[in-house]
Amino acid sequence: MVTPARAPQKATDAVSPVNVVPTAALEGAKALDEVLRADPSFATFRRSSSLVADPSSQGVNLRGIGPSGVSRALVLSDGIPINDGFGGWVYWDSIPRLALERVEIAPGASSALYGSAAMGGVIQLISRPIRDRAEVELEGGTDGTAVGSLSFGKSNGHSGAALDLEGLSTQGYQVIGSPGLVDQDAYSRHASGLLRAETQLNDDYKVTFRAGGFREFENGGTQLTTAGVKQGDFAVGLSSADLQLRFFGTFAEFSQRRSRVLPDAFVRTSETLAGNQRSPADDQGFSIQWSGPWGLTFGADLRRIFGRSIESIAPAVSSPSAVVARTSSGEQLEGGVFVQEIWELDRLRVQAALRADGWRNLGDGRVEQLSSGAFQTTDLGTRDDGQISPQLALRFRLMPWLSLRAAGYRSFRAPTLNELYRPFQVGPVRTDANPALGPETYYGGEAGFDLGSYLTVTGFASRLEHPIVNVTTGVNQQMRQNLGEARLAGIEARAAWSPIRAILFSGAWTYVRSRVAGTDLALPQDPEHRLTGAVTFNRADWFTLTLRARFISSQYEDDQNTLRLPGFTVVDASISRNILSNLEVFASLENALDRRYLVGLQGGVATIGQPIFFRGGFRWSAF
């Protein structure tokens, strides 16, 4: 059963492909985003793991739809959005992995059901049912890495509660390709917790509650380059067979410290502090959904987001007009209503949806303090906008083992408060905010077929109008702008074959050709090819062994296509064995061939991906 249509349905009935990542793939991993990269339709803005990448660079995209630090796909946890309200990126380690039963990845425009954040698709994190259980998972690895997870649950049939905890610490690795004296290992540590409770009020209605907390601190490779996150969230829900009510809230603060490596950049012998920045934010939301007879569903949702950017700046060149402090803030109010109808006509399934969204951006103003002591104020203004998002999808079962699919859609994404009001710096490159940004609009269609559970193929073509891109405006200077138009076309395929019960071969390929309209320029951070392949041997009385390879083709770092990141292939291996009925041991070797590959080129500084990495541990469970 999968849920991208805002209601459970059989995967074989879904009008668009849905890839399900099961519990077994999530167990033993050290980061959720590293697991999801096994699906080539999934990508984050940077090629590196969330453990060493700045959280603001971890926006997710599906099928290569406009990679950026801001997500162009919606990530839900049991129907609650977990994309950061202020910035749109995702804190991948904020949900303990042992709390999850599976992850559903549904590429393809979904604004007709979910609004702005789902322009390029939906990723749904499904929690495990609350029942009696106790689990402990401990592992250690190279680079001084230690991971611990605990999961407890108790249920009496009518009420229950579950608590999941996770912590990680790693000394990390050297992320600078040609390190100097200022460079060090990019270490990381985080802790997350999730408490869930539910009670059955009567035969029809159930009340649910969840509260979570997350802390993270990362070093970006030098003493003065750091990032941190503090977050708390809650959600309350009331549900029945045909009604769902949810209210949620999040309180978070993202902080950064950035350094400036002095002019001896080729030897990197010294650095100075370029600035500190804090971005406290809070958001609250409400949604209601009613499912009636004959496949009809109505729904509405509201969300309020407030965020602030507080900067302390150390100018490279001191002058009376140099900015030494900057504060800006804004509020975003957004809401939408939708209707969906699903018709079952013999072997034909038709799914139609329509949604109307509106939002208001209220800029509180930007105040800058100059080195002279003077202040200058800029009015950020107020802006209202709206969008209509239709979708029509068909699935025709031609034969019991062959189904044909087609869909057409219009989708959109409104700019986040981060894009509107928060500037940022990576290395020597500064990117300015733009309060005049408008929404991105995405038009497209797809068609494909499913050959039983063995092969799924989907072709798609789309147009992305006014994508928000970091445009080069000067030396080491960029600004967020609506670029104009980009065209994307590609093919996505997944295959699986099991010649005998114990062996499974699987593979997937996503090909996307993106071009800025009227040019031959590709969208930055958008490779044409992403492929994964795996072979798994599984004998419960012996062991489970998986060999996996992942290939990413070349891509460009910048909008002008002058900085090329070559393609690369990494090979991973993992093995596990049950030595007792409730005790499992496991081990993994990541980047087994120790492939060195680039993940970024900012200001002439090359950053690299994770080298060979070994980890192992055990999992104990009681039910």
Side-chain angles (χ1 to χ4, degrees), residues 17 19 33 36-48 57 59-73 105 107-109 119-121 440 442-448 455-465 467-471 483-495 506-534 548-571 595-601 606-609:
N19 184 32
D33 58 295
L36 301 185
R37 291 174 202 268
D39 184 338
S41 68
F42 171 95
T44 56
F45 180 53
R46 293 293 178 191
R47 293 168 160 186
S48 50
S57 71
V60 61
N61 70 87
L62 299 176
R63 291 182 180 168
I65 300 176
S68 74
V70 179
S71 295
R72 288 181 170 89
I105 302 175
M119 183 179 78
E440 306 172 331
Y442 181 66
Y443 301 86
E446 63 184 64
L455 179 64
T456 296
V457 177
T458 305
F460 52 91
S462 56
R463 186 171 78 247
L464 178 58
E465 294 185 350
I468 298 172
V469 177
N470 297 337
V471 176
L483 185 62
E485 184 177 310
R487 298 183 182 274
L488 300 93
I491 297 174
E492 190 172 69
R494 294 188 180 93
S506 60
W509 170 47
T510 296
Y511 165 76
V512 181
R513 188 180 189 275
S514 65
R515 291 293 184 271
V516 177
T519 75
D520 197 38
L521 297 176
L523 292 177
Q525 302 291 343
D526 206 356
E528 287 195 351
H529 298 275
R530 291 193 289 261
L531 295 95
T532 61
R548 186 182 303 278
R550 180 166 60 95
F551 168 73
I552 305 294
S553 67
S554 63
Q555 62 191 53
Y556 291 101
E557 172 78 19
D558 63 326
D559 62 294
Q560 298 179 337
N561 287 189
T562 59
L563 303 174
R564 179 177 173 270
L565 304 178
F568 67 93
T569 301
V570 294
V571 177
R595 175 66 190 272
R596 182 182 172 94
Y597 58 95
L598 289 177
V599 299
L601 280 172
T607 53
I608 59 175

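Minimum interatomic distance between R530 and P40 (heavy atoms only, all atoms of both residues): NE-O, 2.6 Å. Between S553 and P527 the shortest heavy-atom distance is O-CB, 3.4 Å. Taking all atoms of both residues into account, the shortest heavy-atom contact from V457 to A493 is CG2-CB, 4.2 Å. Closest heavy-atom contact between I491 and F460: N-CE2, 3.8 Å. Between R515 and A522, the shortest heavy-atom contact is NH1-CB, 3.5 Å. Annotation for G64 and V512: closest pair N-CG2, 4.4 Å, computed over non-hydrogen atoms.
Note: R494 CZ to L455 CG = 11.0 Å, rounded to the nearest 0.5 Å. Taken to the nearest 0.5 Å, the OG atom of S554 stands 11.5 Å off from the CG atom of L598. Distance CG/L565 to OH/Y556: 10.0 Å, rounded to 0.5 Å. Atom CZ in R513 sits 10.5 Å away from atom CG in L488 (nearest 0.5 Å). A distance of 13.0 Å separates CD of E528 from CD1 of I552, quoted to the nearest 0.5 Å. Here E485 contributes atom CD and E440 contributes atom CD; the two are 13.0 Å apart, rounded to the nearest 0.5 Å.
Contact check for V599 versus R46: no side-chain heavy atoms found under the 4.5 Å cut-off. Contact of the F42 side chain with the T510 side chain is not registered, since no non-hydrogen atoms from C-beta on lie closer than 4.5 Å. Within the 4.5 Å cutoff, no side-chain heavy atoms of L521 are placed close to those of Q560. Using a 4.5 Å cut-off on side-chain heavy atoms (C-beta onward), R72 and I468 make contact. Side-chain contact between T44 and S57 is absent, with no heavy atoms from C-beta onward closer than 4.5 Å. Side-chain contact between E446 and P17 is present, with at least one heavy-atom pair separated by less than 4.5 Å. I105 is listed as a side-chain neighbour of S41, based on a closest heavy-atom distance under 4.5 Å.
Formation of a donor-acceptor pair under 3.5 Å by the D558 side chain with backbone atoms of L563 is found in this model.
For R596, the side chain to side chain contact (heavy atoms under 4.5 Å, CB included) test picks out I608, with sequence neighbours left out. In this structure, the salt bridge (Lys or Arg N to Asp or Glu O under 4.0 Å) partners of R37, at least two apart in sequence or on a different chain, are D33. Residues satisfying the salt bridge (Lys or Arg N to Asp or Glu O under 4.0 Å) test with R548, not counting sequence neighbours, are none.
In this structure, H529 and W509 have parallel ring planes: the angle between them is below the 30° cut-off, well short of the 60° mark.
Look at E557 and R47 and you find no salt bridge, because none of the NZ, NE, NH1 or NH2 atoms lies under 4.0 Å from a carboxylate O.
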